[in-house]
Structures are given as structure tokens and as C-alpha cells.
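Please read all numbers here as calculations on a predicted model, not as lab measurements. One-based numbering, in listed order, for ligands and for the atoms of each. Throughout, residue positions are numbered sequentially from 1 according to the sequence presented.
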Amino acid sequence: MEETKRIMSGMRPTGRLHLGHYLGVISNWINLQNQYECYFSVADWHALTTNYDKTEQLKENVLNVVIDWLACGIDPNKATIFVQSTIPEIAELNIYLGMVTPQNWVERDPTLKDMAKILKNKEGQNSQIGFGLMGYPVLMSADIMAVNAHFVPVGIDQVAHVELTRDMVRRFNNIYKTDYFVEPKPLLNECKLICGIDGAKMGKSFNNDIKISDDEETTTKKIMQCITDRSRARKDDPGHPDKCEVAFKYWQIFGSDEDIKQVDTECRAGQRGCADCKRQLAQKINEHFKEIREKRKYYENHIDEVKQIFEEGTEKSRKVSKKILQDVRNIIGMY
Ligand code: TRP
Ligand code: SF4
């Protein structure tokens, strides 16, 4: 029998997750967990690469990420959830990979360049790029290779990192004359990209996100702020859904085909005011997240259960990585 393919992915614990995470990554993971052996990591070392001097909330953030995942439907009976920093084998692999990684490979990493730019613009942050941040893509490769994953489901912004991991695997196998590591393939979500309420990329630091954990009132408030067809002054002016930069796009994600058609027709005919339209949209979104938010509340009140889930996941994941690191030590020729 063919072995089950392994999936590995991760997220940095930077706070509560938003709808971009949900639609762009988590929904993909939820589908994959039914077919594959899945490992999902809370990448707290990766969070340290830029926030090493702000660790007060790190533990809480780790918990919140796991709670968001569980609430959304990541099932610990199907997928293995773990915390990166509790698996020392990943750090060991990171060392070996660092040895075989040419410096210019990490320097040309586009995502890293963006992160460095953001870091430079941040107030009060030391604008120096740390050795740890330089090693970001190597550490990510260590994550992926520590379970020898076949596929890595990520958002589009992380694909370059996975490509680098493929280079790294090839180089490692070449240098040590082995075919031990598989070249992992990025898996892009076919799901729609969601923009923030201002029309830009949704992101926590842009203050334009809707959180999975937002309550209904907050969600509605945010939706009421989102941009519509700017050329429209009065509610009986004919509208242009294609120029409605945020609200109609959200309808296309959260509405049924019928909803979308109705909104489109009524908007064009000037039979639909933007405020009413957005109020309805907020309702739709709140309906969509009702169960998820209830589940979230449950886990918030059962933190011990949450901890147990990732502790068990860590144990499982570590077993796999231990075996791989034993093999790696042999392959390289360590004592
Ligand atoms: N760098 C990823 C992000 O910021 C998170 C991550 C860490 C990851 N390790 C990973 C993703 C391994 C996929 C595989 O979103
Ligand atoms: Fe957008 Fe709805 Fe206003 Fe039309 S009515 S412009 S779809 S918010």
C-alpha cells in the first residue's frame, strides 16, 4: 500500500486570527485533514524572529491560535497540532540546514525582504535585521523537513519559502548523496482572497481585519465601515457592484448564488441602499461564524483541554521528528 502523504503547515502566533487566515489557510487545512497525515504547527520561534523583544503575550497568543483552529474545525483526532518550540529536533535540523544553505539564498528571499522593510518602519523596533530573522526561511524548511512533508498548504505570500525548501532538499540530498528528503510541494488554496474593510490586504497590523473571535456587534460595526461604490451619493442612485470595492466582494464570499444575484440586481436598479445592504451582509457573516464563535467560547472556558490537545500533538509530532533526526545524523555522519 502506498504511504499516506504528509502535510505540514504552520502559523505564527501573533494574536487572534482573522477572516483572511480562515479563508486563505484554515479552510484549506480542514479539507486536507480528512485525506492526509497532517501536522499543524504554532510557529512561536518564527514569531520571535521579529518580536523577540515583545514576549509578554506570546503564551496567550499560542493558546489563541490553537483555540481559533479548533473552533474553525481543525480536528485533533485527524490532525496533529503542536507548538514548534517544544520540539528541539526542529532546532537541530535548523543547524544542519544552515550549514548547507548559501547566504545568498536567504538574502534573495522576497518575503524576508518585505518583513525587513516592515521591521524598519516599525516605531521603536531596532531596525537591525537579526541573525534569527535572516534564518527565517531555513527554520521554515526545518519545520517542513522535520516531518518530511510532501505538501505544504500556505497562503500565496509563503510560496517562495516553500520553493526555497525544495532547493534546500535538493541540495541536502545532493551533498549527502541520499534521497531521504522529499521535495515538498506548495498547495495553494483555491479559496477566494479576502481584502480588509478598507480594500487593502487584510492584516492585523493594518487595523482593517475582522477577527474570527469578534462578536456580532463588533463585526457589524466593522462591516458598516467598509467601502462601497464611491460614486454613489443617494440610495436610489443606480449602483455598480463591480465598483463596490469591499462590500460586494464580501457578498461574493459569504452570500449564496441567489443572494449575490439579488444584491447585484437591486444595487444596479437603485433599489438597495448601501447601509441596508451592509447590515444584511453583516448578518450573513455573523450567521456563518455563529457556530465557530460558540465553539470558541467553549474552548476559552476549557483551556486545560486545549493545552492537552497540543501537548499530545507535540508528543506525536516529536516522535516522528526524533526518528528523522536520527536518520539525518547518520546520513551526515555525526557521532
Ligand atoms: N512562515 C509562516 C507564516 O508566517 C508560518 C510557518 C512557519 C509555516 N513554519 C511553517 C508555514 C512551515 C508552512 C510550513 O505564515
Ligand atoms: Fe455595494 Fe451593496 Fe451599496 Fe451596491 S448596495 S454599492 S453592493 S454596498
Side-chain angles (χ1 to χ4, degrees), residues 6-14 17 20-21 24-26 28-29 38-51 65 82-85 87 90 93-94 109 111-112 114-115 118 133 135-147 149 151-165 184-187 197 199 203-204 223-252 255 259-282 284:
R6 284 175 305 275
I7 298 260
M8 197 274 147
S9 195
M11 254 182 221
R12 278 173 300 151
T14 52
L17 303 179
H21 295 115
V25 183
I26 302 174
N28 204 9
W29 292 4
C38 289
Y39 297 89
F40 298 133
S41 158
V42 185
D44 54 348
W45 277 329
H46 277 110
L48 275 191
T49 61
T50 51
N51 283 325
V65 167
F82 67 96
V83 178
Q84 182 189 37
S85 69
I87 307 210
I90 296 172
L93 185 53
N94 185 50
D109 182 279
T111 315
L112 201 67
D114 287 348
M115 293 181 82
I118 292 170
L133 180 59
Y136 191 107
V138 181
L139 182 58
M140 191 161 144
S141 300
D143 280 337
I144 296 166
M145 292 165 72
V147 295
F151 298 109
V152 187
V154 283
I156 183 91
D157 58 319
Q158 296 291 317
V159 170
H161 284 144
V162 184
E163 295 296 340
L164 194 83
T165 305
K185 291 194 184 73
L187 279 187
I197 56 173
K204 174 189 156 180
I223 292 292
M224 294 312 284
Q225 289 169 31
C226 62
I227 297 171
T228 61
D229 175 1
R230 293 175 211 256
S231 68
R232 218 170 166 214
R234 287 180 323 189
K235 72 187 227 181
D236 48 4
D237 286 346
H240 309 85
D242 44 313
K243 286 194 203 138
C244 174
E245 281 173 48
V246 180
F248 191 67
K249 284 197 185 134
Y250 283 10
W251 269 116
Q252 287 173 313
D259 292 334
I260 299 166
K261 216 156 98 202
Q262 189 184 359
V263 171
D264 186 275
T265 317
E266 291 181 3
C267 174
R268 282 178 201 283
Q271 289 167 344
R272 170 173 276 267
C274 289
D276 288 339
C277 184
K278 290 196 279 190
R279 217 167 282 124
Q280 258 183 39
L281 170 64
K284 264 277 143 169

Identify, for [atom], the protein heavy atom at the shortest distance, and state residue, atom and that distance.
| atom | answer |
| --- | --- |
| atom 7 (C) of ligand 1 | His46 ND1, 3.3 Å |
| atom 9 (N) of ligand 1 | Asp143 OD2, 2.7 Å |
| atom 5 (S) of ligand 2 | Arg232 NH1, 3.2 Å |
| atom 7 (S) of ligand 2 | Val263 CG1, 3.8 Å |
| atom 5 (C) of ligand 1 | Gly10 O, 3.4 Å |
| atom 1 (N) of ligand 1 | Tyr136 OH, 2.7 Å |
| atom 3 (Fe) of ligand 2 | Cys274 SG, 2.3 Å |
| atom 2 (C) of ligand 1 | Gln158 OE1, 3.2 Å |
| atom 8 (S) of ligand 2 | Thr228 CG2, 3.3 Å |
| atom 2 (Fe) of ligand 2 | Cys277 SG, 2.4 Å |

(request) Give the numbers and elements of all ligand 1 atoms closer than 4.0 Å to a heavy atom of Ala43. (result)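 Matching atoms, with element in brackets: 7 (C).
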Residue pair [X] / [Y], side-chain heavy-atom distance below 4.5 Å:
| X | Y | result |
| --- | --- | --- |
| Val263 | Leu281 | no |
| Arg272 | Gln280 | yes |
| Asp264 | Phe248 | yes |
| Tyr136 | Asp109 | no |
| His161 | Val154 | no |
| Lys284 | Trp251 | yes |
| Cys274 | Asp229 | no |
| Leu139 | Gln84 | yes |

(message) Does the residue Gly239 have a heavy-atom contact with ligand 2, meaning some pair of atoms that are separated by less than 4.0 Å?
(response)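 No, Gly239 has no heavy atom closer than 4.0 Å to ligand 2.
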(message) Under 2.8 Å from atom 1 (Fe) of ligand 2, is there any N, O or S atom belonging to Cys267?
(response)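 No N, O or S atom of Cys267 is closer than 2.8 Å to atom 1 (Fe) of ligand 2, so no.
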(request) For the pair Lys278 (side chain) and Ala247 (backbone), establish whether a donor and an acceptor sit closer than 3.5 Å, ignoring hydrogens and angles. (result)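 Checked: no pair found.
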(request) For the pair Ser85 (side chain) and Asp44 (backbone), establish whether a donor and an acceptor sit closer than 3.5 Å, ignoring hydrogens and angles. (result)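 No; judged by distance alone, with no hydrogens or angles, the pair does not exist.
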Which ligand 2 atoms, with their elements, are less than 4.0 angstrom from a heavy-atom of [X]?
| X | answer |
| --- | --- |
| Asp229 | 6 (S) |
| Arg272 | 5 (S) |
| Ala247 | 8 (S) |

(request) Using the side chain to side chain contact (heavy atoms under 4.5 Å, CB included) rule, take Trp45 and Ile90 through it: C-alpha gap first, then chi angles, then the decisive distance, then the call. (result) CA-CA 10 Å; Trp45 277 329; Ile90 296 172; 4.0 Å; yes
Looking only at heavy atoms, is any part of [X] under 4.0 Å from ligand 1, and if so is it the side chain, the backbone, or both, or is it neither?
| X | value |
| --- | --- |
| Val154 | side chain |
| Ile144 | side chain |
| Val152 | side chain |

(request) Please report the C-alpha distance between Asp242 and Arg268 in whole Å, then the side-chain angles of each, then the deciding distance to 0.1 Å, and finally whether the side chain to side chain contact (heavy atoms under 4.5 Å, CB included) criterion is met. (result) CA-CA 10 Å; Asp242 44 313; Arg268 282 178 201 283; 3.7 Å; yes
(request) For the residue pair Phe82 and Tyr39, categorise the inter-ring angle as parallel (less than 30°), tilted (30 to 60°) or perpendicular (more than 60°). (result)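 If you compare the ring of Phe82 with that of Tyr39, the planes turn out perpendicular.
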(request) Decide, counting backbone as well as side-chain atoms, whether Cys244 has an N, O or S atom less than 2.8 Å from atom 3 (Fe) of ligand 2. (result)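 So Cys244 does not count as coordinating atom 3 (Fe) of ligand 2.
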(message) Check contact between Ser9 and ligand 1, using heavy atoms of the residue and a distance below 4.0 angstrom.
(response)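 Under 4.0 Å: yes for Ser9.
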